[in-house]
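Residue numbers start from 1 in every chain, and the chains themselves are labelled A, B, ... in the order their sequence lines are given, proteins ahead of strands. No hydrogens, no waters, no symmetry mates; every other heavy atom, side chains included, goes into these values.
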Protein chains: 2
Amino acid sequence: MEEILDERSERVLLAVIQSYIEHPDPVGSRYVTKKYDFNYSPATIRNIMADLEDMGFLSQPHTSAGRVPTDKAYRYYVENILEEIKDDSDLLEVLNKKIRAGTEDVDTLLDETSRILSSISKYLGLAVSPGPEGSVLRKIEFVPYKDDRIAVVILTDEGVIRHKIIKNELALSPSELQRISNYINRQYKGFTIKEIRENLAEELRRDREMYDNLLQRSLSLCREAIYTYGSHIFITGLSQILDLPEFSDIERIKRISKTIEDKHAIINLIDRIMDSEGVQVIIGTENPLSEMKELSVIVSTFKEKGRPTGVIGIIGPKRMDYSTVISLVDSASRILTKLFDQGG
Amino acid sequence: MEEILDERSERVLLAVIQSYIEHPDPVGSRYVTKKYDFNYSPATIRNIMADLEDMGFLSQPHTSAGRVPTDKAYRYYVENILEEIKDDSDLLEVLNKKIRAGTEDVDTLLDETSRILSSISKYLGLAVSPGPEGSVLRKIEFVPYKDDRIAVVILTDEGVIRHKIIKNELALSPSELQRISNYINRQYKGFTIKEIRENLAEELRRDREMYDNLLQRSLSLCREAIYTYGSHIFITGLSQILDLPEFSDIERIKRISKTIEDKHAIINLIDRIMDSEGVQVIIGTENPLSEMKELSVIVSTFKEKGRPTGVIGIIGPKRMDYSTVISLVDSASRILTKLFDQGG
DNA sequence: TTTAGCACTCCTCATCAGAGAGTGCTAATA
DNA sequence: TATTAGCACTCTCTGATGAGGAGTGCTAAA
């Protein structure tokens, strides 16, 4: 599967990619020799580049243009060539400070993180809050609100807070609500939302005949409360990437802004990532979302108690500065993980 | 101040504007006579158009092009020509249904409303939740959370729910927190957040010497809780307006997307509107935000108990279909107002 | 007061040629 | 045998040119 290039070809490939990352113009053989002072003539480089094209690493927009890296080239670059990840302590400082200064509500924190990632990288910042599997119930409160309404507040170990208003169809009194809160808290604290959902379905089925009135009420109320619990997704910095030369094409901008608005699709994408360790790099067509075939996505999970809970990342053009971005995402996820383990 | 046009000029102006709204190409005299069958020749129309240009209603991109309406023309159009507002009951149906089906949390409701306005109008949807002046405290709860954290939940009469995590620096016990909740609720229920803020500052100053310990704690905790309370702003549908021909210019798109991201500026704009009755139309350069000089903003407040609480609206190109959009915004604000007065 | 006629202006679009960048191939070279 | 110089070729890009068209303003006639 994995092709190995001899050192010389690799150097040429690296040169083409680097040049293309700097400015998105097709790279010619002469330019490569001059800029990266090879000890070979343009003709030799041309031969090598022709070989690289045959192997699928480079492509030509048209016969007499220079070469452009393919997705395969970027993949090879990320896998094999990339220098060690540098810890950019300046940026980390900013990130760290901002994160600590802010509120501790996870949604706000992630929104902020996404913005920071965007402003440092000049690409799109991405952050996804813990979903039902990653959210451990800490406390649930049923607070009487207007006449026939109840406000439910859910607090999780991870720091996610969610609220919801539901109808008080059974006309439960404040003291009953208090008792229900207590019951659910006793019963389900420490379980993930997903586990609670499943448990609840089970119990409701089982208790249908046993018919303990308050219990039934509690359970169905609780079910309603956590029914809509899901990840929140933050994508920020659209105006940043509009400055990039590859987005001078309006059709592209349209596609991208539609993709960003469709958060549903992105949640699906994220689900696949949750199982993997470390920083994930998804280049162009590797992405199952075809709308993102001209973009690369760099993501990493952050963890709480060793379990992946959420995702942060950066979305940018394929010709992005991978080493910087990867280390940035990596560092950010470490910072968040540390923060979570302290704060938990 | 207000110029009056004779009927014939007005008809010509109307024709130019309507044509330009249909498609953004400069309108020529011949086209006007043909399309809107005037009983005059192109030459006559030309003379009229030249007069309208002198008066500042029309302008020419270049000597031998047709005419384009100026901001002044749109203003005149909106003030004088616009037919009566039509109640588009189909759209209202959709809006009404969607709004009722959704949750009752105001932020979610407004987000949804903004999306609906956008999808119906094909422009940007705008919605702003009640700020400190428009939010009447219904209930505040201090819930013990992690070790040294308190979750504060604020419920308002309008249906806004806000939560915040604050540090429990004074190590207050759950029962103390309960007592504080009770105290604040008794004291401040029915006041707006703004009033509470002012009151709180006052009381804190007064009590500094009197020194009732729990009271002091309650007040400062409460202050911290409502300190950050502010409007939330929802602007949706960027990808919608990218399809419009006037946004085929990238620089424009950049400007607009930057403007949208800077919600701060928009909040300022909104503040001015809160005092006015009915639907407001802000055309191009009338807008204090210079970044929006190529856009028009149609907004209206919605009310609770006769008091304006929030704002909804539509942002689009200047050559928008004003009568439809105005009636849409008007209807939407009525629906929300009704909803609020029932639900309150 | 209205309109026909006309010269004029300016934009748009297609065409074309020349410059430039880059290639692949071949033959000479180290 | 690997490398390189040379060269013909291909393709894009740019700017110039010119025809066509839409629309105007002005003048003079109806």
| message | Can you give me the bend angle of the helix from C/dT1-D/dA30 to C/dA30-D/dT1? Use the axis through the first five pairs and the one through the last five, nearest 10 degrees. | response | 20°
| field | Donor-acceptor under 3.5 Å (A/Tyr123 side chain, A/Met320 main chain) | value | no
| B/Arg319 to B/Tyr74, cation-pi by 6.0 Å centre distance and 45° axis angle | no
| note | B/Met49 and B/Val27 have their tightest heavy-atom pair at CE-O, 3.4 Å
| request: Could I get the full list of side-chain contact (heavy atoms from CB on, under 4.5 Å) partners for A/Lys34, not counting sequence neighbours? | output: A/Arg30
| message | So, using side-chain hydrogen bond (donor to acceptor under 3.5 Å, both in side chains) as the criterion, who are the partners of A/Ser239 when residues are at least two apart? | response | B/Glu261
| said: Can you pull out the residues from residues 53-61 of chain A that lie within a 4.0 Å heavy-atom distance of DNA chain D? | reply: none
| task | Give a yes or no on whether the backbone of A/Pro42 and the side-chain of A/Thr33 come within a donor-acceptor separation of less than 3.5 Å. | result | no
| request: Check DNA chain D against residues 62-72 of chain A and give the residues with a non-hydrogen atom under 4.0 Å, in numerical order. | output: A/His62, A/Thr63, A/Ser64
| field | Expected output: side-chain B/Ser121 to main-chain B/Leu117 donor-acceptor under 3.5 Å | value | yes
Mind listing the N/O atom pairs, protein and nucleotides 17-19 of chain D, below 3.5 Å?
none

| query | Side chain of A/Lys122, backbone of A/Leu244: donor and acceptor closer than 3.5 Å? | reply | no
| Residues in contact with DNA chain D, drawn from residues 14-41 of chain A - heavy-atom cutoff 4.0 Å | A/Asn39, A/Tyr40, A/Ser41
| message | Donor-acceptor pair, distance only, cut-off 3.5 Å: does the side chain of B/Tyr322 make one with the backbone of B/Lys318? | response | yes
| request: Determine whether the side chains of A/Ser114 and A/Thr236 contain a donor N or O and an acceptor N or O closer than 3.5 Å. | output: yes
| query | Will you find, in the side chains of B/Tyr36 and B/Ser19, an N or O donor that is under 3.5 Å from an N or O acceptor? | reply | no
| Backbone of A/Tyr40 reached by a side-chain donor or acceptor of A/Thr44 within 3.5 Å | no
| Along nucleotides 25-30 of chain C, 5' to 3', which nucleotides get a B, which get an S, and which get a -, given that the test is a protein heavy-atom distance under 4.0 Å? | ------
| Pairing residues for B/Asp37 by the side-chain hydrogen bond (donor to acceptor under 3.5 Å, both in side chains) criterion, not counting sequence neighbours | none
| said: Donor-acceptor check, side chain of B/Asp71 to backbone of B/Thr285, threshold 3.5 angstrom: yes or no? | reply: yes
| said: For B/Asp6, give me all partners under side-chain hydrogen bond (donor to acceptor under 3.5 Å, both in side chains), at least two apart in sequence or on another chain. | reply: B/Ser9
| Audit row: B/Tyr77, B/Gln18, side chain to side chain donor-acceptor pair (under 3.5 Å) steps and yes/no | CA-CA 10 Å; B/Tyr77 177 66; B/Gln18 281 185 347; 4.6 Å; no
| query | Are the side chain of A/Gln60 and the backbone N or O of A/Ala65 linked by a donor-acceptor pair below 3.5 Å? | reply | yes
| query | Are B/Asp262 and B/Lys258 close enough for a salt bridge, meaning some N to O gap below 4.0 Å? | reply | no
| request: Write out all pairs satisfying salt bridge (charged side-chain N to carboxylate O under 4.0 Å, His left out) with one or both partners inside residues 285-295 of chain B, taking only residues at least two apart or from two chains. | output: B/Arg75-B/Glu286, B/Arg252-B/Glu294, B/Arg255-B/Glu294
Nucleotides 15-17 of chain C: which of its N/O atoms have a protein N/O under 3.5 Å away?
none

